[in-house]
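Report on the structure given below.
Computed from a prediction, not measured in an experiment: that's the story for all the values here. Counting begins at 1 with the first residue of the sequence.
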Amino acid sequence: YAAISTSGGTAQYVVIDEVRYSHVIDPATGLGLTHSTMATVIGPTAFETDAYATVLTLVDANLRAALIAAHPEWTAFVRTVMLATEDDQN
C-alpha cells in the first residue's frame with residue numbers, strides 16, 4: 001500500500017438553520033451531506049483512495065458493503081461519528 005485517505009464531514013462543514021452540512025456534496029440533492037459517516041481507505045494510490053473514501057460516505061450501507069467486497073486491494077474503515085456544532089461545544 002502507498003496511500004491513505006479519509007473522507008467525512010467532521011472538520012469541514014457549515015451550520016445553517018441548525019442543520020450541519022458537510023463539505024462533501026450529495027450528488028442527488030446538490031447539498032452537503034447531513035449524516036455522519038466517515039470512511040478511511042488504504043490502497044495503491046492517493047488518487048484511488050481519495051475518491052473511494054468519498055464514495056463510501058455517499059452510498060447506503062448495502063452498496064458500501066458491495067463496493068468494499070468488490071475491491072480486496074483496498075482496506076476500508078467506515079464509521080458513524082457523533083457530530084457536534086459550535087453551540088454544543090459552548
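In this structure, A2 and P44 approach most closely via the heavy-atom pair CB-O, 3.2 Å. Residues S5 and T49 come closest through the heavy atom pair OG-OG1, 2.7 Å. The nearest pair of heavy atoms linking V78 to T37 is CG1-CG2, 3.7 Å. Here the closest heavy-atom approach between residue A39 and residue T57 is recorded as N-CG2, 3.9 Å.
Other cluster members for L33: V24, L58, joined by side-chain heavy-atom distances under 4.5 Å among Ile, Leu, Val, Met, Phe, Trp and Tyr. Clustering of Ile, Leu, Val, Met, Phe, Trp and Tyr side chains at separations under 4.5 Å leaves F47 isolated, with no partner residue.
Using a distance-only test at 3.5 Å, with no hydrogens or angles considered, a donor-acceptor pair links the side chain of D26 to the main chain of A28. With R64 contributing its side chain and V59 its backbone, the two residues share a donor-acceptor pair below 3.5 Å.
With values rounded to the nearest 0.5 angstrom, Y52 atom OH is found 5.0 Å from I68 atom CD1. Annotation: the span from L63 atom CG to L56 atom CG amounts to 8.5 Å, rounded to 0.5 Å. Distance check, rounded to the nearest 0.5 Å: OG of S7 to CG of D50 gives 7.0 Å. Taking OH of Y13 as the start and OG1 of T34 as the end, the distance is 14.5 Å to the nearest 0.5 Å. For the atom pair OG1 (T45) and CH2 (W74), the distance works out to 8.0 Å, reported to the nearest 0.5 Å. In this structure, CD on E48 lies 7.0 Å from CD on E73, to the nearest 0.5 angstrom.
In this structure, a donor-acceptor pair under 3.5 Å is present between the side chains of T40 and R79.
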Query raised in the report: When you look at T6 and F77, which way does the side-chain contact (heavy atoms from CB on, under 4.5 Å) test go after all the steps?
Result: CA-CA 9 Å; T6 298; F77 303 93; over 6 Å; no
